[in-house]
Amino acid sequence: MRVDRVELRRIFLPYVAPFITSGWREEGSHAIIVRIEADGIVAWGEAPVGANPFYNEENCKTAWVIQQDYLVPMLLEADLNGPEDVTPAFKRVRGNRMAKCGLEFTMWDLFARRAGRSLADYLGGTRARVPVGVSVGIQKDIPTLLKVVEDYLSEGYSRIKLKIKPGWDVEPTRAVRERWPDLMLQVDANSIYELADAAHLAELDPFNLLLIEQPLAHDDIFDHARLKTQLRTPLCLDESIVSPDHARWAIDLHACDIINIKPSRIGGLADAKRIHDLAQAAGIPVWHGGMLETGIGRAINVALASLPNFSLPGDISANDRYFQRDIVANPFTLNPDSTLTVPQGIGHGAVVDEAFLDEVTVERWVAER
Ligand code: OSB
Ligand code: MG
C-alpha cells in the first residue's frame, strides 16, 4: 500500500495544571498530530513531544523538522504490506523515535481500519478494560500533595505515582504512605540520582512501593544493575529502554525488575510489542507509561495496554485529568474499578474534534505523493 497524503500539525493544548518533574515543568501539550490518507482511508496519530529536550533528546521542533525533511518523504516512497514495515522504512534515520512514532502509530490505525478491526484487537490485545492510575507531579508542599492525592482517590483512581527529586522524595512518600497504608504507590525520579545515592534511595524501601522508576541516567543500564542489588524496592526502567535490544540488555544484565513501556519513547507500536513479548518470555512484568497524550495518543496507549503482560496499572488517566477540553469528541471516563474501557470500534477509536483541533493548531504542513 502507498500513502497518498500526510498532514502534520503542531498544537498547543493547555493542561488543567502545570506538570512538574525532577527536571522540567510543562504548561500544556506541544504534540504533533498526524493525519494520513491511503487507499481512501483516513487515519490519525500523535507524536507526544514536549517543548523541551528534558525527558529525552527530542522536542516538538526537532520532531517537526525530522518528520518533514526525512520521515514523511520516506513514508511517501515506501510500499507497505503492514504497519510492521514502517519502522524498517525509517531505519536510516538514527534515533528521533518520538518523531517516528507519530507516523508509525497513524499507519497502525490505518491498517486496522482497512482490516475493519479495532486497534486493540489488531495488536493482539486480550482485555476489555485496562487498569490505570495517576502520575502526580511535584507539589509545593506536603499538605498540598496530600490534598491532590486525596482528590484523585475520590475520583476513583486506585494507584498513585509520585514524581520525586532530591529534597522531595522520602518525606512526601512517607506522608502519603502513612495516610493511605494500603494504597498502590510508586515513585518516578526521571533520571535525577546517581549511583552514589543508593543508600538514600534505600530509605524508600520501608514504604512498600510497587516500584521505583528510572532513578539513574536516561541512557544508563549498567549502573541501574549495580543499584538494583542495593534496593529492596522493585526497580523499573523508563527512559533507558528505547528499543527491543535495550530491553534485552537490561534483562540480561539484571538491571530492572519491571519495564515501563511507552510506544512513543520506543519509536512505535511494533517495537513496543516486541518489548512486551520479550519481557513476558523473561518473566518481567511491564506496565504502560504515559506522555500526557491528547485523546488520540491516549486511545493508542489504551489499545496497547490491553495486551496480556501489562500487569500493573498504567499512567493512562481519563482525558479530564489532563485537559479541560481535549481534541477528541469521545474522551475516556474512569470506570469505578479504576479502569478505562478499551474501544471496540474500528481503528484506535478516538473521534477527532476537527473544529477544536483547528483552534489549537499552531502550524500546519502537508505533503502529497
Ligand atoms: O516519566 O513517566 C514519565 C510525563 C511526561 C514525561 C515523562 C513522564 C510523564 C509522566 C506522566 O509521568 C504520565 C501520564 O499521565 O501521561
Ligand atoms: Mg517515567
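The figures that follow rest on heavy atoms only: side chains count, while hydrogens, waters and symmetry mates do not. Atoms within each ligand, like the ligands themselves, are counted from 1 in listed order.
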**Study point:** N/O/S atom of E213 inside 2.8 Å of the Mg ion (ligand 2), strictly under
**Key:** yes

Practice item. Using a strict 4.0 Å threshold on nitrogen-to-oxygen distance, state whether D353 and R325 make a salt bridge. Key: yes

Exercise for review: Measure from the Mg ion (ligand 2) to every N/O/S atom of D188 and report the name of the nearest one.
Suggested key: OD2

Point to revise | Residues D271, R97: salt bridge by 4.0 Å N-O rule | key: no

Practice item. Examine E239 and say whether one of its N/O/S atoms is closer to the Mg ion (ligand 2) than 2.8 Å. Key: no

**Study point:** Electrostatic pair D358-R9, nearest N-O below 4.0 angstrom
**Key:** yes

Review point. Taking any residue with a non-hydrogen atom under 4.0 angstrom from an atom of ligand 1, which ones do you get?
Key: F19, W24, Y55, S135, K161, K163, D188, N190, E213, D238, K262, G290, M291, L292, D315, Y322

Exercise for review: Using a strict cut-off of less than 4.0 Å between a Lys/Arg side-chain nitrogen and an Asp/Glu carboxylate oxygen, indicate whether E171 and R174 qualify as a salt bridge.
Suggested key: yes

Point to revise | Charged N-O contact under 4.0 Å between E150 and R179 | key: yes

**Study point:** Smallest separation among heavy atoms of L237 and A250, with atom names
**Key:** CD1-CB, 3.9 Å

Exercise for review: Would you check, one step at a time, whether the test salt bridge (charged side-chain N to carboxylate O under 4.0 Å, His left out) holds for R248 with D245?
Suggested key: CA-CA 5 Å; R248 182 171 55 80; D245 280 339; 3.1 Å; yes

**Study point:** Atom name, D238 (N, O or S, nearest to the Mg ion (ligand 2))
**Key:** OD2

Review point. Hey, are R265 and E239 close enough for a salt bridge, meaning a charged N less than 4.0 Å from a carboxylate O?
Key: no

